[in-house]
Amino acid sequence: MVQTQPEAKRVEELRRLLQQASYAYYVLDAPIMEDTVYDRLYRELQELETNYPELITPDSPTQRIGERPATHFTSVRHNIPLYSLENAFNIEELQTWEQRWRRHLPSQYSAGEVEYVAELKIDGAALALTYQNGILVRGATRGDGVMGEDITQNVRTIRSIPLRLNFDGLENIEKVEVRGEVFLPLEVFKQINEKRQKAGEQLFANPRNAVAGTLRQLDSRIVAQRQLDFFAYTLHITGMDDSSIANTQWEALELLQRLGFRVDTNHKLCHSLNEVAEYYQYWDTERLNSPYMTDGVVVKLNAFKLQEQLGFTQKFPRWAIALKYAAEEAPTRVENITVNVGRTGALTPLAEMRPVQLAGTTVSRATLHNSDRITQLDIRIGDTVIVRKAGEIIPEVVRVIKELRPAHTQPFIMPTHCPVCGQQVVRESGEAVTRCVNASCAAILKGEIEHWVSRDALDIKGMGEKLVHQLVDKELVHSVGDLYDLTEDKLCGLERMGKKSAQKLVSAIAQSKNQPWSRVLYGLGIRHVGSVNAQLLTEKFTTVEQLTAARQSDIEGVYGIGAEIAQSVSQWFLTPANQTLISRLQAIGLQLANTEAPKAAGETNPNFAGKTFVVTGTLPTLKRDEAKALIQKAGGKVTDSISKKTDFLVVGADAGSKLEKAQSLGITQLNEAQLLEMLEN
Ligand code: IVH
């Protein structure tokens, strides 16, 4: 059939109308046309294209869904690599990042105001789109950032991605690269899983997996049904001199919208990191009300000029960073449930899981706490579970996805006998913990010795976990006292232990006799006596004799020591076996009394006198213990947990629940620099 002028014109007109309607519906969320009208126009276009196939163009709205499934995806090279982002997990790390990029620039940028754009970090899959003369010619996955897969056919089905750019007034643009995130609204995700469940198909663990799985579908008709969506966040314009068209990320986001893309409207122009921090804190809770999943905030320097000057490292842009939300959850599968016996004899069930990335680290084990928790979770080997890691808290299993449970699984039952020594375990009424009470259980002994040699206790360098296990298994050591009987000869027979290492170790053990009384007390591993409590106790009871003679009520009289701690300490010193141990340690020559003269009055810093501090997270230069010691020296009290009585929280990187609690109680926070400043005054 011969193409006629009026038909060609009508086809053009229909495409324009349909495109406008789609844009209003899918991008602006503000329909301008009724569905029935849209359908009629769409059918008219389809008919014209059937009659005049030469009029079909790739940007026609009818071309969103491919006819035939693809057999494979081809690899394509990205014209501009897709970088990923460096992660920060708290505001302090964000500040470090700011200091870093400032140092990279000429001195006029070393201080002063600067503009950032804060955007939500959409949890989906990155997508690179290429437009040539305004027409979508390629959609590719990120792949490894350099090579991706050509998924153009699937990308076309995403309604909020324009097949043709809206070039109104921008006719000069030749080639456009747009990057953004494909995502699934939570509501759609739910519907997809409901459908899959009814069909007996395996469920998607989260929207991100569903997106990734969908984009890799060979049949674009299935992709079309999944209702994927897309937010654009990066614009690269090539083949055009006029760079004045967008000089900042803010302008680029505006331009993307004008070109016809959906842009997440929650981005914000910030003039300081404080404003960014506010944005982050706001979205940390508000994200729970969001119709799509986000996993943090992306902070970008607004000015392209600065972005260019800063450039990229091997992996990341220097001018942007992802500030992730503290708690991260991920699905994984439980491969086994094992039971660990700790220093106190407590049996702790552990889920051994398929390794999964969480908050920047690989997690393959999570504590299941105790048998109550196991019953509550009903966790079984083979289950798919959600694990969470929040700040400094160890990973834990949040819940089981029962829908994914394989057939024939058995509930997990706590063992009735210690998995290490075989002795019957006990669970006292009212207690959640099951314990091995065999004083000579090898697992307990190993735990006790590991604790004794650890950094905050006697700090015996070169005595790692493997060595401790050997010493116990070979029956060279039956109590911490036996460590001091070890000789080079005895040690030389052990795995990977040369003469030199043996020599060094014997000397490190001997040196530990100089460690102060507070560390020895902590090293004894008495329940509830952490390093801070040990410090508090040894300040009051300056010799072991005083502490042994103290009644529970005397111990409770120490500032910061509660009834539970006092009872535990008093009971420990009343136990004959422990008294024997103390005598032996005394004979060995360990410090069981303070040698330092007590602090003279007037030496204390008024900023610290009578004030209570808690230290959490990783500080930039000081070790936590060093910070605690400085505070104590200045006359401040240090406790292990936050309460209403806490005056200051000294907070470093990766702070977890303590920070949250301090925030909820409105407790003043100090970073390391502020602490040091207070100390100087
Ligand atoms: S900008 C060079 N902005 O996060 C700049 N990325 O961990 C690179 N993402 O691969 C990305 N929301 O898939 C940027 N508003 C946003 C984002 C965002 C989500 C994803 C993106 C990237 C990953 C980096």
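Values in this document were obtained by computation on a predicted structure and should not be read as measured data. Ligands are counted one by one from 1 in listed order, and the atoms in each one are counted from 1 as well. Positions are given from 1, in the same order as the sequence printed here.
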Counting from 1 in the order shown, the ligand 1 atoms closer than 4.0 Å to a non-hydrogen atom of P317 are 2 (C)
Report task. For residues P349 and T338, determine if any side-chain heavy atom of one lies less than 4.5 Å from a side-chain heavy atom of the other. Result -> no
When distances are taken from atom 22 (C) of ligand 1, the protein heavy atom at minimum range is Y233 OH, 4.1 Å
shortest atom 23 (C) of ligand 1-to-protein heavy-atom contact is with K121 NZ, 3.9 Å
The protein heavy atom nearest to atom 12 (N) of ligand 1 is I122 N, 3.0 Å
The option among T294, L85, N87, V299 carrying the non-hydrogen atom nearest to atom 24 (C) of ligand 1 is L85
Between L17 and M33, the two heavy atoms sitting closest are O-CE, 4.1 Å
re atom 13 (O) of ligand 1, the protein heavy-atom contact at minimum distance is E181 OE1, 2.6 Å
Which of R164, R15, R159 passes side chain to side chain contact (heavy atoms under 4.5 Å, CB included) with P61? It is R15
The atoms of ligand 1 lying under 4.0 Å from a heavy atom of E119, numbered in the order shown, are 3 (N), 15 (N), 16 (C)
In terms of ring plane angle, is the pair Y131 and F261 parallel, tilted or perpendicular, where the classes change at 30° and 60°? perpendicular
**Q.** Contact check: L120 vs ligand 1, nitrogen or oxygen atoms, below 3.5 angstrom
**A.** yes
Walk me through it: do N671 and V650 pass the test side-chain contact (heavy atoms from CB on, under 4.5 Å)?
CA-CA 6 Å; N671 60 26; V650 180; over 6 Å; no
Contact region, K300 to ligand 1, non-hydrogen atoms below 4.0 Å, reads side chain
Would one find an N or O of S84, backbone or side chain, under 3.5 Å from an N or O of ligand 1? no
Do the side chains of R103 and E98 get close enough for a salt bridge, i.e. N-O under 4.0 angstrom? no
Any side-chain to backbone donor/acceptor pair from S60 onto Q63? Under 3.5 Å, distance only. no
Ligand 1 to Y83, heavy atom cutoff 4.0 Å, flagged ligand atoms 8 (C)
Short side-chain donor-acceptor distance under 3.5 Å, S160 and D229:
yes
